[in-house]
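Some notes on the structure that comes next.
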Amino acid sequence: MSEEYCTISDAGKPPRADGPPYAECVLCREPTEYPESYKGITLCPVCEWQEAQRTACSG
């Protein structure tokens with residue numbers, strides 16, 4: 001049985017920033033690991049982890 005449907009793709013992730021300024025998290029407004037110039041949804045490591053937990057396969 002293939003579990004490919006449970007994998008999370010990194011295709012939509014923005015590139016990591018080399019240093020400040022950092023984009024702020026769209027949920028908690030804390031600094032993320034992504035460049036401020038990135039236009040799109042950015043999450044801080046804590047919110048990113050919590051989102052992964054919410055969307056993870058169960059069972």
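Only heavy atoms go into these numbers, but all of them, side chains included; no hydrogens, no water, no symmetry mates. A quick note: this is a predicted structure, and the numbers were derived from the prediction, not measured.
Cluster annotation: Ile41 and Leu27 are assigned to the same hydrophobic cluster (Ile/Leu/Val/Met/Phe/Trp/Tyr, side-chain heavy-atom contacts under 4.5 Å, transitive).
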I would like to know whether Val26 and Leu43 meet side-chain contact (heavy atoms from CB on, under 4.5 Å); could you show each step before the answer?
CA-CA 6 Å; Val26 297; Leu43 298 174; 3.7 Å; yes
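Surrounding CZ of Arg54 are more than 12 heavy atoms belonging to other residues, nucleotides or ligands, all under 6.0 Å away.
At distances below 3.5 Å, at least one donor-acceptor pair connects side-chain atoms of Thr32 with backbone N or O atoms of Ala23.
Atom OG1 in Thr42 sits 10.0 Å away from atom CD in Glu36 (nearest 0.5 Å).
Looking at heavy atoms from C-beta onward, Cys44 lies out of side-chain contact with Pro31 at the 4.5 angstrom threshold.
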